[in-house]
Amino acid sequence: MSSVIASTRFSVLDRSRTREGNDASRALRDTVDLAREAEALGFHRFWVSEHHGVPGVAGSAPTVLAAAVAAAATSTIRVGTGGVMLPNHRPLVVAEQFGVLASLFPGRIDMGLGRSVGFTDGVRRALGHGKEDAEDFPGRLAELLGWIDGTQQVHPGVRARPAEGLRIPAYVLAIGEGASVAAAAGLPLVIGDLRGREKVLRAIEVYRRDFRPSARAERPEVIVAGTVAVAGTEEAARRLLVPEAWAMAQARTRGDFPPLAPAERVEALAMTAKERGLYEQGLTGHVHGTEDQVAGQLERAIRETGADEVLVTTSTYDREGLVDSLRRLSRIVRPPERDRDDGPVRSLDVRQPPDHTTRDRRGREA
């Protein structure tokens, strides 16, 4: 294992994707089961997402699902949201929800926050919000942090209980423009994905340049999110990418994000030229392959971005293949090592924070 990978945390985000032939209940239970596996493999954190009215995603209430993960499936791994979409909610309610989580599971809860609104116009109307609400994300973020810190002045005399005074780490999710929001707020940045490398690098540069140290973060912290698929062969790893690539192609051609279909059925489909182009595009650029291939790709990605952490966001129809991929990934980032006295085999702990002295500008070895 390279020193770059060894000094980087690895975590997992599961979107609770539904699969053809299985209902939403199964998808949510699969998420809980995957969290249990992620903890056993030594990953640093496990996050869940928020989507409303999307046929292919069961996770509509991330704080509720995070509670199930923290209570029913895990005991040590950090648990959080990737993320709660703040324009959809009142900041006080979000503060209260995370206050309850942090009170029940002290020292384990992360508050990942995004600026997206509903998937369609109908969903946005049902939520009582429009695209313009995303523009107020900085203000809503400031209010939310104020509820937790006890400094908000928007509603005098009102207190967020039990959140006020608790230490609840906050993270800003961004595709690009959110990088400036994270920098101004002095918060860690979660950015994706690994495919759009140039766009990601530009956003990270802006974030690091404009970062303002705060009580929550003294220095910039970058978590890069993306798909990572590991299998016994490069072709097997590529097939793990097929269901999500087809679902994305469907979303862009038909306006509907469907449940995941088996790879073999997708590969046998007759596609229009537009569908084929989008589908093939969806298969390219992801970190995937054998363990050796993925190790090399990850090292390059970490060197280029200077990431402190990699958040793995892989979705696929084959849940056994997904679990196997995480197990193989854990071998890349936590290879077995025998003690000098030839005692029992142990594993390196990837949950330690990275050694920031090993790389210049978090991109090159010093």
Side-chain angles (χ1 to χ4, degrees), residues 11 13 35 44-50 52 59-72 74-117 127-129 133-174 178 180-190 211-221 223 309 353:
S11 300
L13 181 148
H44 180 61
R45 61 179 106 241
F46 187 91
W47 281 5
V48 296
S49 63
E50 174 181 337
H52 298 281
S60 57
T63 53
V64 176
L65 186 52
V69 167
T74 64
S75 59
T76 59
I77 195 171
R78 298 196 64 85
V79 176
T81 57
V84 164
M85 297 302 143
L86 199 50
N88 294 335
H89 311 281
R90 297 300 304 173
L92 172 60
V93 175
V94 175
E96 291 172 337
Q97 290 173 345
F98 278 96
V100 171
L101 284 170
S103 297
L104 291 172
F105 312 103
R108 294 182 58 205
I109 298 301
D110 298 326
M111 185 170 61
L113 305 163
R115 66 188 296 273
S116 296
V117 290
L127 290 170
H129 299 286
D133 289 305
E135 302 305 316
D136 190 35
F137 179 61
R140 287 173 178 262
L141 177 63
E143 182 183 340
L144 170 60
L145 299 179
W147 285 117
I148 295 172
D149 297 340
T151 59
Q152 75 83 26
Q153 301 297 321
V154 179
H155 303 281
V158 183
R159 312 281 286 276
R161 305 187 187 279
E164 186 176 309
L166 297 180
R167 293 186 61 86
I168 307 173
Y171 301 78
V172 172
L173 280 63
S180 296
V181 176
L187 294 176
L189 172 71
V190 184
F211 182 82
R212 300 177 184 175
S214 69
R216 291 177 174 271
E218 296 180 354
R219 62 164 189 83
E221 180 180 347
I223 301 175
E309 184 171 335

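Everything quoted here is computed from the prediction, not taken from an experiment.
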Nearest 0.5 Å please: distance from the [atom1] atom of [X] over to the [atom2] atom of [Y].
X      : Y      : atom1 : atom2 : value
Ile77  : Ser11  : CD1   : OG    : 7.0 Å
Asp110 : Phe98  : CG    : CZ    : 8.5 Å
Thr76  : Phe105 : OG1   : CZ    : 13.0 Å
Leu127 : His52  : CG    : NE2   : 5.0 Å
Leu86  : Leu113 : CG    : CG    : 6.0 Å
Leu187 : Met111 : CG    : CE    : 8.0 Å

Could you report the tightest heavy-atom contact between [X] and [Y], atom names first, then the distance?
X      : Y      : result
Ala217 : Gly186 : CB-O, 3.4 Å
Tyr171 : Glu221 : CE2-OE2, 4.3 Å
Gly80  : Ala66  : O-CB, 4.4 Å
Ala170 : Leu145 : CB-CD2, 4.0 Å
Val48  : Pro62  : CG2-O, 3.5 Å
Ala182 : Leu189 : CB-CD1, 4.1 Å

Notebook entry, point to check: Going by the salt bridge (Lys or Arg N to Asp or Glu O under 4.0 Å) test, which pairs reach into residues 136-147, not counting sequence neighbours?
Noted result: Asp136-Arg140

Notebook entry, point to check: Under the salt bridge (Lys or Arg N to Asp or Glu O under 4.0 Å) rule, what pairs show up with a residue in residues 146-157, not counting sequence neighbours?
Noted result: Asp149-Arg216

Just by modelled atom types, is the [Y] backbone N or O under 3.5 Å from a matching donor or acceptor in the [X] side chain?
X     : Y      : answer
Arg78 : Gly107 : yes
Arg45 : Val79  : no
Thr81 : Gly112 : yes
Glu50 : Met85  : yes

Next item on the list: Could you tell me whether the side chain of Trp147 reaches within less than 4.5 Å of the side chain of Val94, counting heavy atoms only?
Entry: no

Next item on the list: Check the pair Thr74 / Phe46 against side chain to side chain contact (heavy atoms under 4.5 Å, CB included), numbers first and verdict last.
Entry: CA-CA 10 Å; Thr74 64; Phe46 187 91; over 6 Å; no

Residues 154-166, side-chain donor-acceptor partners within the protein, below 3.5 Å, at least two apart:
{"residue": "Arg159", "atom": "NE", "partner": "Glu164", "partner atom": "OE1", "Å": "2.8"}
{"residue": "Arg159", "atom": "NE", "partner": "Glu164", "partner atom": "OE2", "Å": "3.0"}
{"residue": "Arg159", "atom": "NH2", "partner": "Glu164", "partner atom": "OE2", "Å": "2.8"}

